[in-house]
Amino acid sequence: MDRDSALAMIKKALDATSPGKSETIQLETDLVKDGVVDSLDSMNFLFELETLHGAKLEEIDETFDDFRVSRLIEMLTK
């Protein structure tokens, strides 16, 4: 998967959990710290992202706290 496809997937997952907020994100956006999603939405967002990806993102566990768009793209493209 390339970076553009990964960003599109992140935006689609974000639209499923927080409609309308995908238009505001950039590579340096931290979805939680920048208030794009709250803590409950973050778990729903990760579920949607993994569902769209078709696989579990191994880096994501119960202690995962890096919701930067650039980090998520990195995980999706490796």
Side-chain angles (χ1 to χ4, degrees):
M1 174 179 308
D2 64 24
R3 295 178 67 77
D4 290 336
S5 297
L7 180 57
M9 185 180 294
I10 290 166
K11 287 184 173 190
K12 188 171 183 176
L14 187 57
D15 281 337
T17 55
S18 299
K21 293 194 176 179
S22 67
E23 300 304 317
T24 65
I25 65 168
Q26 299 176 15
L27 289 177
E28 59 276 350
T29 301
D30 185 304
L31 298 177
V32 174
K33 291 179 183 171
D34 293 336
V36 178
V37 295
D38 62 23
S39 58
L40 177 59
D41 287 339
S42 67
M43 294 300 108
N44 291 331
F45 164 75
L46 290 176
F47 172 78
E48 289 292 332
L49 187 60
E50 288 181 335
T51 299
L52 290 169
H53 183 56
K56 176 144 179 63
L57 297 170
E58 297 302 322
E59 296 90 341
I60 297 175
D61 61 15
E62 63 277 347
T63 63
F64 184 77
D65 64 355
D66 190 351
F67 283 86
R68 286 175 296 133
V69 172
S70 59
R71 176 66 177 121
L72 295 168
I73 288 173
E74 180 183 308
M75 285 187 282
L76 290 168
T77 58
K78 72 178 208 172

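What's counted below: heavy atoms across the whole structure, side chains too, no hydrogens, waters or symmetry copies.
For the atom pair CG of D38 and OG of S18, the computed distance is 7.0 Å after rounding to the nearest 0.5 Å. Rounding to the nearest 0.5 Å gives a distance of 7.0 Å between CG of L46 and CG of L72. The distance from the CZ atom of F67 to the CG atom of D41 is 10.5 Å, given to the nearest 0.5 Å.
A continuous path of Ile, Leu, Val, Met, Phe, Trp and Tyr side chains, each step under 4.5 Å between heavy atoms, connects I60 with M1, placing both in one hydrophobic cluster.
For the pair D66 and E59, the minimum side-chain heavy-atom distance is 4.5 Å or more. Between I73 and L27 the shortest side-chain heavy-atom distance falls below 4.5 Å. Proximity of L31 to V69: side-chain heavy atoms (C-beta onward) are separated by under 4.5 Å at one or more points.
Here R3 pairs with nothing under the salt bridge (Lys or Arg N to Asp or Glu O under 4.0 Å) rule; sequence neighbours left out. Among residues two or more places apart in sequence or in another chain, the side chain to side chain contact (heavy atoms under 4.5 Å, CB included) test is passed with K56 by E50, E58.
Taking all atoms of both residues into account, the shortest heavy-atom contact from L76 to M9 is CD2-SD, 4.1 Å. For the pair L57 and M75, the tightest heavy-atom approach, listed with the atom from each and the gap, is CD2-O, 4.3 Å.
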Point to revise | Candidate pair L14 and V37, rule side-chain contact (heavy atoms from CB on, under 4.5 Å), full reasoning | key: CA-CA 8 Å; L14 187 57; V37 295; 3.5 Å; yes
Exercise for review: Please step through side-chain contact (heavy atoms from CB on, under 4.5 Å) for the pair I10 and L49, ending with a clear verdict.
Suggested key: CA-CA 6 Å; I10 290 166; L49 187 60; 4.1 Å; yes
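Here salt bridge (charged side-chain N to carboxylate O under 4.0 Å, His left out) pairs that include residues 11-34, with residues two or more places apart or in two chains, number zero.
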